[in-house]
Amino acid sequence: MKFRWEQGAGLFGLVLLACGTYYGFAVAPMEQFMGPPQKIMYIHVPTAWTTLLTFTATFVGSVGYLANKQWKWDHLIEASIETGVVLGTLLAVQGALWAKPTWGLYWDWDPRLTSVAVMVLSYSGIAALRGLVDDPSKRARWSAVASILAYVNVVFVYLCVKWLRSLHQVQSTPATVDADMVVALRINAFAVLFLGICMVATRYRIARKRLSQELEC
Amino acid sequence: MDFTGIQTGGWEFVQAAYGISFVVFAAYLSFLFRRAIAENAL
């Protein structure tokens, strides 16, 4: 077994996560009204960004596969769907744990939360579909088409807080939060991004190996 | 919450959110690398 670049990315992500979390707890100030639960932002928002980027990679893989039928795009679809579902589920749990002390409830059927639930369930369904189809070409084509359709909801997840009245706040900007909060958020954003890259790249290698064995049979 | 309405508690939710996140990151990475090694994919 060689030391692969994605293992380096994963280790770098873990180191950054430790630094960002320390900065968020020890240096960034306590938020005036929410108090301690605001600290969840430093892990929740980076997880959200990486989840959306991961499903964007699924979209890119889907368009790539339908455009030129190369297997590398199907590996990307398989890898990014699984990673995205893991991160998306974690995102919903983190959100519920932040919602309870600030909104008074773990879950509400508001546009952002509902669309995140639809996102995780739709990509879980595509992953299940891939497991049911034996023919690799059909599997790749069907999951690519389904992933393009599912990506419409990913765009909605990002924009719905601007478009609709939602309990969930709109995206913060560096102008609206303390500079030290921005630093902690950015360090953890890169941390979770590198962890996500490590996960997708490792899962990509597994998908590639499995397909080569499948095609040999 | 104190008399001003400012939240002062809620550390248990912070601990749960970070604890679950770290466990999920570690467990999924470990699962992936074990699977990759078992399938000779690395």
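These numbers were taken from a predicted model, which means no experiment stands behind them. To find a chain, count down the sequence lines: A is the first, B the second, and so on, and within it residues start at 1.
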Participant: State the CG-CD distance between A:L90 and A:Q94, to the nearest 0.5 angstrom.
Facilitator: 4.0 Å
Participant: Which atoms of A:R4 come close to chain B, meaning under 4.5 Å heavy atom to heavy atom: side chain ones, backbone ones, both, or neither?
Facilitator: side chain
Participant: Where does A:Q38 contact chain B at under 4.5 Å (heavy atoms): side chain, backbone, both or neither?
Facilitator: neither
Participant: Tell me, for A:F25 versus chain B, whether the close heavy atoms (under 4.5 Å) come from the side chain, the backbone, both or neither.
Facilitator: side chain
Participant: With sequence neighbours left out, write down each residue that passes salt bridge (Lys or Arg N to Asp or Glu O under 4.0 Å) with A:R210, or none if nothing qualifies.
Facilitator: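 For A:R210, the residues satisfying salt bridge (Lys or Arg N to Asp or Glu O under 4.0 Å) (neighbours in sequence not counted) are B:E39.
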Participant: Heavy-atom cut-off 4.5 Å, strictly under: side chain, backbone, both or neither for A:Y204 against chain B?
Facilitator: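 Contact with chain B is absent: no heavy atom of A:Y204 under 4.5 Å.
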Participant: Looking at A:Y65, I'd like to know if the NZ or CZ of A:K69 sits under 6.0 Å from its six-membered ring centre while staying within 45 degrees of the ring's axis.
Facilitator: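 Output yes; distance and angle both within limits.
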Participant: A:L17 versus chain B, heavy atoms under 4.5 Å apart: side chain, backbone, both or neither?
Facilitator: side chain
Participant: Do B:I20 and A:L97 have side-chain heavy atoms sitting under 4.5 Å apart?
Facilitator: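 B:I20 vs A:L97: side chains touch.
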Participant: Which residue pairs pass the salt bridge (charged side-chain N to carboxylate O under 4.0 Å, His left out) test when at least one of the two sits in residues 173-194 of chain A, sequence neighbours left out?
Facilitator: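 Not a single pair qualifies under salt bridge (charged side-chain N to carboxylate O under 4.0 Å, His left out).
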Participant: Is it the side chain or the backbone of A:T47 that comes within 4.5 Å of chain B heavy atoms, both, or neither?
Facilitator: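 Interface part for A:T47: side chain.
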Participant: Without swapping roles, check the side chain of A:D108 against the backbone of A:L167 for a donor-acceptor pair under 3.5 Å.
Facilitator: no
Participant: Name the region of B:V24, side chain, backbone, both or neither, that has any atom closer than 4.5 Å to a heavy atom of chain A.
Facilitator: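 Only the side chain of B:V24 comes within 4.5 Å of chain A.
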